[in-house]
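Hydrogens, waters and symmetry mates play no part in the numbers below; they use all other heavy atoms, side chains included.
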Amino acid sequence: QVQLVESGGGLVQAGGSLRLSCAASGRTFSRHVMGWFRQAPGKEREFVAAISGSGFSTYYADSVKDRFTISRDNAKNTVYLQMNSLKPEDTAVYYCAATTNALFRPERAAFGSWGQGTQVTVSS
């Protein structure tokens, strides 16, 4: 497993942008599919985006497609989530997650390593 630490959350107005970062420990970072999930108060944790170990393949939830971009820098053991055109409904705690299973499912149970989360609040 890898240790994950998110950063970059904060308060932003609707229509604004934020970039989240997730720093991973260990020397096997490039072998992990990395994902971002989010959880709003009173709701289930939901899949946002994922990226393959090489970075060549990316996956998005329909609700964020064309607004969010996931990327990674394997030399820095870091994955990013660029969030543009933010909406109040994007408000949530955002979690970074990792799995070594390339045939992952975009759901919480498929990821074995998690960060502590970072709060994103979008005001209207």
Side-chain angles (χ1 to χ4, degrees):
Q1 291 189 343
V2 292
Q3 305 298 316
L4 305 173
V5 179
E6 304 97 333
S7 61
L11 173 64
V12 64
Q13 289 189 331
S17 299
L18 280 175
R19 188 176 83 154
L20 305 183
S21 299
C22 172
S25 65
R27 294 179 290 180
T28 62
F29 180 70
S30 63
R31 300 178 191 173
H32 287 76
V33 171
M34 300 300 297
W36 286 97
F37 287 72
R38 66 186 181 185
Q39 188 165 16
K43 294 189 176 181
E44 295 290 320
R45 192 170 299 187
E46 65 174 2
F47 172 79
V48 174
I51 187 167
S52 64
S54 66
F56 289 152
S57 299
T58 56
Y59 313 86
Y60 296 94
D62 288 344
S63 58
V64 306
K65 203 170 294 184
D66 298 326
R67 298 189 299 123
F68 291 11
T69 302
I70 189 171
S71 62
R72 66 190 296 160
D73 185 337
N74 286 345
K76 295 182 178 180
N77 278 18
T78 302
V79 62
Y80 305 97
L81 186 68
Q82 177 67 44
M83 306 186 293
N84 298 329
S85 302
L86 282 161
K87 305 175 181 180
E89 51 263 45
D90 294 318
T91 295
V93 177
Y94 282 70
Y95 296 90
C96 177
T99 179
T100 55
N101 185 0
L103 301 178
F104 73 99
R105 301 180 306 280
E107 57 190 51
R108 182 175 182 173
F111 289 76
S113 298
W114 291 86
Q116 83 289 349
T118 185
Q119 176 71 47
V120 171
T121 303
V122 184
S123 64
S124 58

Side-chain touch [X]/[Y], heavy atoms, less than 4.5 angstrom:
{"X": "Y59", "Y": "P106", "value": "no"}
{"X": "D73", "Y": "Y80", "value": "yes"}
{"X": "R38", "Y": "Y95", "value": "no"}
{"X": "T99", "Y": "H32", "value": "no"}
{"X": "V120", "Y": "T91", "value": "no"}
{"X": "V64", "Y": "W36", "value": "no"}
{"X": "R67", "Y": "K87", "value": "yes"}
{"X": "I51", "Y": "V79", "value": "yes"}

If the threshold is 4.0 Å, N to carboxylate O, is there a salt bridge linking K65 and D62?
yes
Has [X] got a side-chain atom pairing as donor or acceptor with [Y]'s backbone, closer than 3.5 angstrom?
{"X": "E6", "Y": "T118", "value": "no"}
{"X": "S25", "Y": "V2", "value": "no"}
{"X": "D90", "Y": "V122", "value": "no"}
{"X": "R31", "Y": "R27", "value": "no"}
{"X": "Q39", "Y": "E44", "value": "no"}
{"X": "Y60", "Y": "I70", "value": "yes"}

Contact summary for [X] and [Y], nearest pair of heavy atoms:
{"X": "M83", "Y": "L86", "result": "CB-CD2, 3.8 Å"}
{"X": "F111", "Y": "M34", "result": "CE2-C, 4.3 Å"}
{"X": "V5", "Y": "Q116", "result": "CA-OE1, 3.8 Å"}
{"X": "V33", "Y": "A102", "result": "CG2-CA, 4.0 Å"}
{"X": "P88", "Y": "S124", "result": "CG-CB, 3.8 Å"}

For L81 and V48: C-alpha separation, side-chain torsions, deciding distance, then whether side-chain contact (heavy atoms from CB on, under 4.5 Å) applies.
CA-CA 10 Å; L81 186 68; V48 174; 4.2 Å; yes
Assess the residue pair L4 and W114 against the criterion (side-chain contact (heavy atoms from CB on, under 4.5 Å)); give the C-alpha distance rounded to whole Å, side-chain angles, the decisive distance to 0.1 Å, and a yes or no.
CA-CA 6 Å; L4 305 173; W114 291 86; 5.6 Å; no
Mark yes or no: R72 above the aromatic ring of F29, with NZ or CZ under 6.0 Å from the six-membered ring centre and no more than 45 degrees from the axis.
yes
Indicate every side-chain donor-acceptor pair of residues 8-24 with a distance under 3.5 Å to a residue at least two apart or in another chain.
| unit_1 | atom_1 | unit_2 | atom_2 | d |
| --- | --- | --- | --- | --- |
| S17 | OG | N84 | OD1 | 2.9 |

Are F37 and F47, when compared by the centres of their aromatic rings, separated by less than 6.0 Å?
yes
